[in-house]
Number of protein chains: 2
Amino acid sequence: MVHRQFAALGDATRLAIVEQLARGPSPVGDLAVPTAMSLPAVLKHVRVLEEAELVTTVKRGRVRECRLREDALVAVAEWTARQQALWSARLDALGLLLEES
Amino acid sequence: MVHRQFAALGDATRLAIVEQLARGPSPVGDLAVPTAMSLPAVLKHVRVLEEAELVTTVKRGRVRECRLREDALVAVAEWTARQQALWSARLDALGLLLEES
């Protein structure tokens, strides 16, 4: 369900994590989060992104690496484009009606 | 801030309201929400969408009409496209590296 992905992205810290991971994978400890944030708090945000199927994490030795899923934002992009297409089709139709009247 | 828009869309009821409004404006009372939902609860969801600058409402007589903003999903679409472009550029660069090695 795409609303879960929207909810996961509805937080400034998680959005910043996704922006960072779009530039490349990162160990959880190197994620650019507010400096006062504890590692457990960061892990909680990562878990939310993982549950929303936006990121995956792999443990390599003592480091947990975090990466954006290849299909991460496909559902979000598709939903958004669909609504925009419906809405602009409606506005175009209204425009035609006004021209004709 | 786009994370506020994501948060506003991170709820199944609000997402359904936006989907409906993409097809055309609607009085708040005609929004297709779960039947058990009270009008104050619907209004609360509409208010969240309004604060996130996704919808506007206008009172006409005794009816409050709700409509999608023309620029409603532009910020969401742009943010998403930017992250996808960064991520696919990275994957392309990795692909080239692998071909060369």
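Below, read A as the first sequence line, B as the second, and so on, with proteins coming before strands; counting in each chain starts at 1.
At a threshold of 4.5 Å between side-chain heavy atoms, the hydrophobic network of Ile, Leu, Val, Met, Phe, Trp and Tyr places B/Leu68 and B/Val74 in two separate groups. At a threshold of 4.5 Å between side-chain heavy atoms, the hydrophobic network of Ile, Leu, Val, Met, Phe, Trp and Tyr places A/Met37 and A/Leu9 in one connected group. Hydrophobic clustering of Ile, Leu, Val, Met, Phe, Trp and Tyr side chains at less than 4.5 Å, counting indirect connections, unites A/Leu39 with A/Val33. A/Val48 and A/Val76 fall into different hydrophobic clusters, where Ile, Leu, Val, Met, Phe, Trp and Tyr are joined by side-chain heavy atoms under 4.5 Å apart, directly or via other members. At a threshold of 4.5 Å between side-chain heavy atoms, the hydrophobic network of Ile, Leu, Val, Met, Phe, Trp and Tyr places A/Leu91 and B/Leu73 in one connected group.
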Begin with the C-alpha distance, continue with both residues' side-chain angles, and end with the deciding distance and a verdict on side chain to side chain contact (heavy atoms under 4.5 Å, CB included) for A/Val18 and B/Trp79. CA-CA 11 Å; A/Val18 170; B/Trp79 183 88; 3.6 Å; yes
For B/Leu86 and A/Glu19, run side chain to side chain contact (heavy atoms under 4.5 Å, CB included): C-alpha distance rounded to whole Å, both residues' side-chain angles, the deciding distance at 0.1 Å, then the answer. CA-CA 9 Å; B/Leu86 285 166; A/Glu19 286 172 0; over 6 Å; no
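At most 12 non-hydrogen atoms from other residues, nucleotides or ligands lie less than 6.0 angstrom from CZ of A/Arg47.
For B/Leu21, the part lying near chain A is the backbone, with the side chain staying farther off; criterion is any non-hydrogen pair under 4.5 Å. When heavy atoms are compared at a cutoff of 4.5 Å, B/Arg4 does not approach chain A at all. Interface remark: B/Glu70 contributes backbone and side-chain atoms alike to the contact with chain A (heavy atom separation under 4.5 Å). For B/Arg67, the part lying near chain A is the side chain, with the backbone staying farther off; criterion is any non-hydrogen pair under 4.5 Å.
Most heavy-atom pairs under 4.5 Å with chain B: of the set A/Met1, A/Gln83, A/Arg82, this distinction falls to A/Gln83. Between chain A and the options B/Thr80, B/Asp11, B/Leu15, heavy-atom pairs under 4.5 Å are most frequent for B/Leu15.
The nearest pair of heavy atoms linking A/Gln84 to B/Ala77 is OE1-CB, 3.7 Å. The heavy-atom pair separating B/Gly24 from A/Arg90 by the smallest distance is CA-CD, 3.3 Å.
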